[in-house]
Number of protein chains: 2
Amino acid sequence: MRPLTERQNQILEFIRDYISKNLKPPTVREICEEFKFKSTNAVYSILKSLEKKGYIEKVIGKSRNIIPKDIMFKEENDIKEIPLISKFNSKNPLLMFTNLIGTVKIDAKMFDHPSSFAVIVPDDGMQKAGIFKNDIAIIKQDTKIENGDIVFAVTGNNAFIRYFKSEHGKIYLVPSARGYETLSFNEDDKNLWIGGKVSLIIRKIS
Amino acid sequence: MRPLTERQNQILEFIRDYISKNLKPPTVREICEEFKFKSTNAVYSILKSLEKKGYIEKVIGKSRNIIPKDIMFKEENDIKEIPLISKFNSKNPLLMFTNLIGTVKIDAKMFDHPSSFAVIVPDDGMQKAGIFKNDIAIIKQDTKIENGDIVFAVTGNNAFIRYFKSEHGKIYLVPSARGYETLSFNEDDKNLWIGGKVSLIIRKIS
DNA sequence: TTGATTTTTGAACAAATGTTCAGTATATTA
DNA sequence: TAATATACTGAACATTTGTTCAAAAATCAA
């Protein structure tokens, strides 16, 4: 890759900066103004050089069509933003999305499930499984749940993280720690909502 | 905030999606094409509704001027990138930064210590403390370490995550699980390097 | 020195794009 | 029932914007 001249570099820098601030590439005229050029062709010819040297690409026949190559090849969606939910109700589980208390950002390399949410672990019922009260648990929705999976479940306004067990038309929420009871429900119990599978745990230590 | 109609929602979704894929907002005509409208005004009037309801903003006199409000207020630089280290040597601890195997991105709201690194937990010696083999542990360097803290330590080429205990000129690395031994060192042992305090645990579950 | 690259001006064209006007139809709300 | 919001079509206008032509001066390598 041939090196850039100072001017070319300035302009490429400006383009990158503009994109990160405005979420879209600048127009030729906007660059022109920034650098106080008298003619758009001052910019245009520098863009040509940048293109020839391979630092940018252009989409023909479109406006705001400058694409810096490094942005182009940047992995997409490498950060996943996951809503952190506080209050639940098993009868209107979807209402929970009105109880956002923030978002948790996760490296998409570690976690990239399309529909998911985060909760704060409500109790120490899964202590032996290494899940502690106040950990952040990230829940995958729309995933097949099998016996032995750790799930996030809501009954009424109470939320649990427990082992899932389904047997003879009954669903059991089984804790891993002593001092917590196994809860049992009928399979069609309208008062039980299984939010999804726990698939990531984040714990802050002091 | 007034709720959106289905059409309005479809179009807002498309705009968001387009931005995340193309790094710039779509034009009225691009939206028009996507939805197979015969007139750009079909889009335009829906954009007006979205604007009136407060879901988007427009920059007057510019092209590609739709700005979804949630993107507009997105904070910048709230992600911390932490190097993930694989091999260690207690004699040349700084050399470890040549053994990057990647980076881990963390929400700065959860973790924002300036000098830190990430490792993969090497064994189950801290199982009872809820730290399992293959978890990702994030280590704070340059932090005062006190008895009872969980630390990352290296002797020779072996890495440990253990409770730290200092007593009568001796340093002990104490496991929380049975089947693992407490290691002891002299305070000035050149063959022991305490990398820092474990301050975040991330665990992926299947 | 000579030719290529770079940087800039100035003017203009053509395509892309935001916007508006006029009108139809349906559903929702007061 | 009337008024309002919604969801379109069709055509046109005005601005923004990518691009091109012509030309001059400066830098830099061969």
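Each chain gets a letter, A, B and so on, in the order the sequences are listed, and its residues count up from 1. This is a predicted model, so every value here is computed, not measured.
Taking A:N134 as the reference, A:I120 meet the side-chain contact (heavy atoms from CB on, under 4.5 Å) condition, with sequence neighbours excluded. With sequence neighbours excluded, the residues forming a side-chain hydrogen bond (donor to acceptor under 3.5 Å, both in side chains) with B:Q8 are B:T5, B:K53, listed by chain and number. Residues meeting the side-chain hydrogen bond (donor to acceptor under 3.5 Å, both in side chains) test with B:D149, sequence neighbours left out: none.
The separation between B:Q8 atom CD and D:dA7 atom C1' is 10 Å, rounded to whole Å. B:L47 places its CG atom 18 Å from the P atom of D:dA5, with the value rounded to the nearest Å. Between the C1' atom of D:dA5 and the CZ atom of B:R7 lies a distance of 16 Å, rounded to the nearest Å. Atom pair B:K24:NZ and D:dT16:P shows a separation of 19 Å (rounding to whole Å applied). Here the C1' atom of nucleotide D:dA14 and the OH atom of B:Y44 are 12 Å apart, to the nearest Å. Between the P atom of C:dT6 and the CD atom of A:E51 lies a distance of 14 Å, rounded to the nearest Å.
Judged by distance alone, with hydrogens and angles left aside, B:S63 brings no side-chain donor or acceptor close enough to the base of C:dG18 to form a pair under 3.5 Å.
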Can you list, pair by pair, the side-chain donor-acceptor contacts under 3.5 Å of residues 28-40 of chain A, counting residues two or more places apart and other chains?
unit_1 : atom_1 : unit_2 : atom_2 : d
A:E30  : OE1    : A:Y18  : OH     : 3.0
A:E30  : OE1    : A:T27  : N      : 3.0
A:E30  : OE1    : A:R64  : NH1    : 3.0
A:E30  : OE2    : A:Y18  : OH     : 3.4
A:E30  : OE2    : A:R64  : NH2    : 3.2
A:E30  : OE2    : B:K62  : NZ     : 2.8
A:S39  : OG     : A:N41  : N      : 3.0

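Nearer the 5' end of DNA chain D, as judged by each residue's closest nucleotide, is the contact made by B:T40, out of B:T40 and B:R64.
Ring-plane geometry between B:F152 and B:W193 is classed as perpendicular, the angle between the planes exceeding 60 degrees on a 0 to 90 degree scale with a lower cut at 30.
Seen from the ring of A:Y44, A:K58 counts as a face-on cation partner, given the 6.0 Å and 45° thresholds.
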Produce the list of close N/O pairs, under 3.5 Å, pairing protein atoms with atoms of nucleotides 22-30 of chain C; give distances to one decimal.
unit_1 : atom_1 : unit_2 : atom_2 : d
C:dA22 : N6     : B:N41  : ND2    : 3.2

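Contact check of residues 27-38 of chain B against DNA chain C (heavy atom, cut-off under 4.0 Å) returns B:T27, B:V28, B:R29.
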